[in-house]
Structure formats: structure tokens, C-alpha cells
Amino acid sequence: LVSDWSSDVCSSDLAMTSPAQRLAELRDLITRHSEAYFVRDEPVIPDADYDELVRELREIERQHSELVSEVSQRVGAPASTVFSPVRHSEAMLSLDNVFDVEELRAWSERVVKGLDATGLDATGLDVTGLLDFCVEPKIDGLALSITYRDGLLVQAATRGDGRVGEDVTNNVRTIANMPHELRAARGSFEIRGEVFLAKADFEQLNVTQRALDAKVFANARNAAAGSLRQKDPAVSASRPLSFLAYQLVDLGGNLSLATHRATLTQLADWGFLVAPETRMVRGEQEMIAASTWFEEHRHDLTYDIDGTVIKLDDLTYRAALGSTSRAPRWAIARKFPPEERTTRLLAIEVSIGRTGRATPYAVLEPVL
Ligand code: IVH
């Protein structure tokens, strides 16, 4: 399976391929790779290569609007049938990505323009005319939505395709730092965040797995997703999973939160872990500096991150900007460049395609 399509990232005769053909190829690859990632928890190619396929797909679709398909608008993958389906009260969206400072600046300019257009710009800005942002780590885990009614944990679901997720309530109850009760909470809330394995816990898990002659995990994200999406909650319970919260959906409108920072304070008061490294900043310059800080310190954190998430702080502004069917306009993920490693070229081999075409490829010593 792997050799069939894992290395098929770029077509060898790209120059002769029509946009429609390349689109069909990309959609097929993206569908298969997102299934490997979201459904089987066993990705075949690095995340950066996957992002590159999506980027190419979107670029072709941008130039050929008649060819736009549902693939580029997808969030995650359909929920597996192992778990009961759960319809989210409010869609669990994805995030748009940027890959460098220039694209980040372009996003923040779009935010300012978008707010200008709504007529909200003059009302809430501070005297210097700058916007407030929260800069958070982008945790490389698995998105979860947990429903609390009158303070009690009643349901937990994975993101699935954004509309319908998987019921993993019993597994989530076994996560050590998950509050089962929210002090003095009335009404219904959905708390959203990420299940992950801290780096030290991931190392320890693999030591245990080796001792048991069981499967050793390639990275903390796959291990976390595989550990949570278990039929038997006892298996999840044996894995050192953690949960970090970053979003609150107030279903009954019981709280009057005006900003994201107030939301994070409320979550922390209820006992949720929130990212201690989150930075509250004012204006584009500070926002870019904070996001770059994460890039420089990513290896000093106790958990894996693959970028930063920058969010507009003011919830009224967020509502004014709204979302597309896939992602909010008020937040953006700045993805870090893929980590580079030097390795050894072991051989150059040739594969013969169905039509007899020969494609040379490199065999490299594997590196993480
Ligand atoms: S906010 C509507 N904040 O990244 C916006 N997401 O690539 C909801 N993620 O689906 C997401 N860290 O699973 C947000 N600090 C953070 C995050 C974060 C990781 C994940 C989340 C999301 C995915 C998008």
C-alpha cells in the first residue's frame, strides 16, 4: 500500500498533465492521505508534504474556478463506524494555514479590512488603533469537544468531518487531567481543545510498549489519536493522555465573555489545562514577534507543536468577521517549516508503471 502511493507526491510528467488531470490526481492522493491520518491514525507522508498537496490543489482551483470541488473544503474525515455518531451543536471548523511572516501579515491586513467593511473598526480599538490578538501554540494532537450540562461531563466527541464526530465519552473520562465537574456552572457548554501526549509521556509509553512487545508509535500525535480512539476504554486509561482547552461554546448564553483571554481564564478557573505559553499581544508587530518566539522555542516546550494559532481577542469582532464553511476568518495557523534532517542515499531504483513508464526514485535511510 505504502509503495503504491506514498511517494506519489509529484507527478513525473507534470508538464504534460492538464490542470483537470492533476486535480483528479491530487484529490485522490489527498483523500487517501487524509484517511490514513484521520481514520487509521497512521499517516504515510509527513504533514508538510500533505499541506503542500492541499496548497497545490487550492492554487489550481483558484486559477480554474470551474474545477472547484468539495475536497479542498473538507474538514478532517468522516467519523469511523466503530463509535456512535455525535452531531456537533456548532460545527468544529479547521484553520486556514500560512507558512511565513509575509502571509501572516497579509492575513492580519485582511482582518483589518474585513472589520473596516463591517463598520466596527472605530468602536472597540484601543487608542493606538491596534488590534489585540492571542498567540497560542498549535498543539499536534486530536481535536475534541466535551459537553457539560449543569456542570457535569455528559458527552465527548472527536471532530470527525466537522459536523458529525465519534462518541468517545467513556475513553475521555479516563484522561487524568479532564475535569468531570465544573464548579458552579449552570447551563450547557461545549469545551473544545486537544488531546495529546506530553513528550516525556510519549517516550515512557514507547518504553512500556517495547517491554510488552507491543506496537511502538512513530510520534506523539499518532500515539495520542490511536490511544483515544480505542473500542475498550481500559486501553485509553492505560495511556498517559492529557487534554488542553482552547475554546468554549456557551450553548445557553449563560456567560457574558467579551474576549478570548477572559474565556481562557474561565477555562483555567474550571480546572482545565490552558497553554501556559499563550501570549496576549497588541498589534501586528507584537503578534509576529510572539509567533516567531514559538518557532524558536518549539523544542523547549513539554509537548509537540507544529505551529502557532493566532486569534483575534475581541469576540464581537470575531462574530463580525464570521467563518467560511471550513475555517474562521478571525484565526489563522502559522505552520512551521518542516524539520530538516540529513540522511544517506542508499540506492536509486526504478519503478515501472502500468503503462511501462520508468520512474527512478531514491531509497533513503529513514529519519524522524
Ligand atoms: S482553534 C475554529 N487553537 O488545529 C477554530 N486549534 O489545523 C478552532 N489546534 O482543528 C481551532 N492547537 O484541532 C485552535 N491553540 C489551538 C490549536 C488548535 C491545535 C488544532 C485543532 C484544529 C486544527 C486545525
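Each ligand, and each atom within it, is numbered from 1 in the order the structure gives. Quick note: numbers below take in every heavy atom, side chains included, and nothing from hydrogens, waters or symmetry partners.
Residues Val207 and Phe217 fall into different hydrophobic clusters, defined by Ile, Leu, Val, Met, Phe, Trp and Tyr side chains chained together at heavy-atom separations under 4.5 Å.
Here Leu345 is tied into one hydrophobic group with Ile348, Leu364, each link being a pair of ILVMFWY side chains closer than 4.5 Å.
Closer than 4.0 angstrom to ligand 1 by heavy atom are Leu93, Ser94, Leu95, Glu136, Pro137, Lys138, Ile139, Ala143, Arg159, Glu194, Tyr246, Gln247, Val309, Lys311, Pro328, sorted by chain and number.
Partners of Arg55 by salt bridge (Lys or Arg N to Asp or Glu O under 4.0 Å), not counting sequence neighbours, listed by chain and number: Glu103. By the side chain to side chain contact (heavy atoms under 4.5 Å, CB included) test, Glu181 pairs with Leu152, sequence neighbours left out.
With respect to the salt-bridge test (charged N to carboxylate O, under 4.0 angstrom), the residues Arg334 and Glu295 qualify.
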Open item on the list: Under the criterion side-chain hydrogen bond (donor to acceptor under 3.5 Å, both in side chains), I'd like the reasoning laid out for Glu59 against Gln63: C-alpha separation, chi angles, the key distance, then a yes or no.
Closed with: CA-CA 6 Å; Glu59 184 52 31; Gln63 291 171 10; 2.8 Å; yes

